[in-house]
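All values below were derived from every heavy atom in this structure, side-chain atoms included, with hydrogens, water molecules and symmetry-related copies excluded.
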2 protein chains.
Amino acid sequence: MAATEDGNRMEGRTGKADAPMTVDSGARRPSDEGARGRFERIYRTLRMRICLLDHAPGSRLREEDLAEEFRVSRTPIRRVLVKLEAEGLLRSVHGVGTIVTDIDVNELAQVYELRVELAELVGRLSPAPVDAALIARFHEIRARCDEMVSEGDPRTFSRINMDFFHLYNALTTNGPLREINERLYYQTARIWLKTALRLRNSKELIHTEFTTFQREVTDTTEAIEHGDLVAAGHVRRAHIAMSFARIRKASETEGRPVIAPTAG
Amino acid sequence: MAATEDGNRMEGRTGKADAPMTVDSGARRPSDEGARGRFERIYRTLRMRICLLDHAPGSRLREEDLAEEFRVSRTPIRRVLVKLEAEGLLRSVHGVGTIVTDIDVNELAQVYELRVELAELVGRLSPAPVDAALIARFHEIRARCDEMVSEGDPRTFSRINMDFFHLYNALTTNGPLREINERLYYQTARIWLKTALRLRNSKELIHTEFTTFQREVTDTTEAIEHGDLVAAGHVRRAHIAMSFARIRKASETEGRPVIAPTAG
DNA sequence: CGGCATGATGTTGTGCACAACATAACAAGC
DNA sequence: GCTTGTTATGTTGTGCACAACATCATGCCG
């Protein structure tokens, strides 16, 4: 049991080498969950798919298809879409469709600007107590990260990055701060993967991203081991700022998108 | 025309002495607005009612009543309620009803903690250009504030405070920051009015609140006139922190609620 | 008289049919 | 050939009836 509402574990974690296919809908569960549980499940599934680019920016999400996949009618699906639209990941237009919002580096500059500032607040506002279990979870992430550096693909990287975010976000007990961090994170989560897929030819840059993230995880873990949450905040702040700087640089050097494969 | 999406003006502003009755639903508009416009209108109306305690914490909002008032069916109403629930102002429970969330000083401490930090970011992150029109709007608020100090009631105070917030929030062009500030503001907007209504016997404390807010508006206006948005941020930060401290103190000195009149 | 089962009542959640709307294809006219 | 009006098609938005669920009253039994 042990209510761990902080963790935000996703479904479909099959261990180390999870298949690069689309996120499982988790359907075929007749009634072992209430209406609210089903809502949360569908919401999280779609959110992760959008952020892993399973639903590419600009593509359309037909409500009826989703309804069929999740074995419900359009009504509960629309609830989820309304929330995702409020989060800025979707946009529904009457008579046209619900399309996944496109992401632009310049628009996201403001979000990153904010994330940089908020990163330091974690661990400064209402720091969570650091116990052995928490440290163990950081070590686990670091292990997955070390493994990924040598043989990982961008998608796996994004998954680990997502898990690391949730772990880091659990360092504060300030609920509103956690919510806002989560919202802003998922607004920017796609841009790295999108950039990485575009630059997947130059493996050098990709490797730089991997090792940089590895350093962030290592440094953060060490700070946590010392119980210095403020230091962890500084590490995170620096890495968010640098990460965005690299993304922006990459999108400047590259000219036109020549976008990734279509559902291949 | 001049798209002023920043202002967030509410409907029902009848000038200086607006009636203390409930916020007008703005119904009786057949089709001069699209589906999205209607959604926004209903959403803002309900949000303002909740924050002005027209819908007291703990009270129930029957979907059918709202549907009848706004001349629509339950379906679009539910969309609004879903969003308000995501904002933390409502909570829908299957088979029970949608109840207005109660507000507790201790729970809101975290929100205030965050608002204090974010207040300074306005004007520091992506400051808006200060022109004569903007200064004029600050002067207008100050005039309304001066008038209210002598003959205002707590409800009028809350309205002016709300308008001042929107004006202050327009000092940054960082969209995500504005959204977050708005969300957090409306989560805490009710607590002042609730406390003031409880203490409406001791007019001394109420008057202190009025004059304190008057000073905040005056200081902020002066800072804006000098184009010093950072100073405005410091003023705001200080006043948010002090305001919460007074609210907390008031709720400590008072023992039990002995809650306000019931729809009388 | 107290406790508990059972039905009545009221509310939100769901499913489905239709309306409102936008777009694309197509044909008529210039 | 090009433009334009019209129709066909597909999508989201709305309304309504019913199911799922919780609560309260009632009456039975101990």
Is the cationic atom of Arg115(B) (NZ for Lys, CZ for Arg) positioned less than 6.0 Å from the six-membered ring centroid of Tyr112(B) and within 45 degrees of its normal?
-> yes

Can you tell which of Glu85(A), Arg91(A), Arg190(A) makes a side-chain hydrogen bond (donor to acceptor under 3.5 Å, both in side chains) with Thr101(A)?
-> Arg190(A)

What are the residues of residues 79-91 of chain B, sorted by number, that bring a heavy atom to within less than 4.0 Å of DNA chain C?
-> none

Rounded distance in Å - CZ (Arg62(A)) to P (dT12(D)) = 7 Å

Which atom pair, heavy atoms only, marks the closest approach of Leu108(B) to Gln187(B)?
-> CD2-O, 3.9 Å

Arg38(B) and Phe70(B): CA distance, side-chain angles, deciding distance, side-chain contact (heavy atoms from CB on, under 4.5 Å) verdict = CA-CA 9 Å; Arg38(B) 176 165 52 202; Phe70(B) 290 99; over 6 Å; no

Separation of dG10(D) P from Glu63(A) CD (nearest whole Å) | 16 Å

Starting from C1' on dG10(D), measure out to CD on Glu64(A) and report it in whole angstrom.
-> 10 Å

For Glu68(A), look at atom CD and say whether over 12 heavy atoms of other residues, nucleotides or ligands are found less than 6.0 Å away.
-> no

At under 4.0 Å between heavy atoms, what does Leu61(B) touch on the DNA or RNA strands: base, sugar-phosphate, or nothing?
-> sugar-phosphate

Polar-atom pairs under 3.5 Å, protein N or O versus N or O of nucleotides 15-23 of chain C: list them with distances, or write none.
| from | atom 1 | to | atom 2 | distance (Å) |
| --- | --- | --- | --- | --- |
| dG15(C) | OP2 | Ser73(A) | N | 2.6 |
| dG15(C) | OP2 | Ser73(A) | OG | 3.0 |
| dG15(C) | N7 | Thr75(A) | OG1 | 2.6 |
| dA20(C) | N3 | His94(A) | NE2 | 3.0 |

Please report, rounded to the nearest Å, how far the C1' atom of dT11(C) is from the CZ atom of Arg60(B).
-> 7 Å

Could you walk me through whether Glu87(A) and Arg47(A) pass the salt bridge (charged side-chain N to carboxylate O under 4.0 Å, His left out) check?
-> CA-CA 10 Å; Glu87(A) 305 268 336; Arg47(A) 185 176 66 173; 5.5 Å; no

Quick one: sort the His166(B) and Tyr186(B) rings into parallel, tilted or perpendicular, breaks at 30° and 60°.
-> tilted

No-hydrogen, no-angle side-chain donor-acceptor test under 3.5 Å, Ser158(A) and Asn161(A) = no

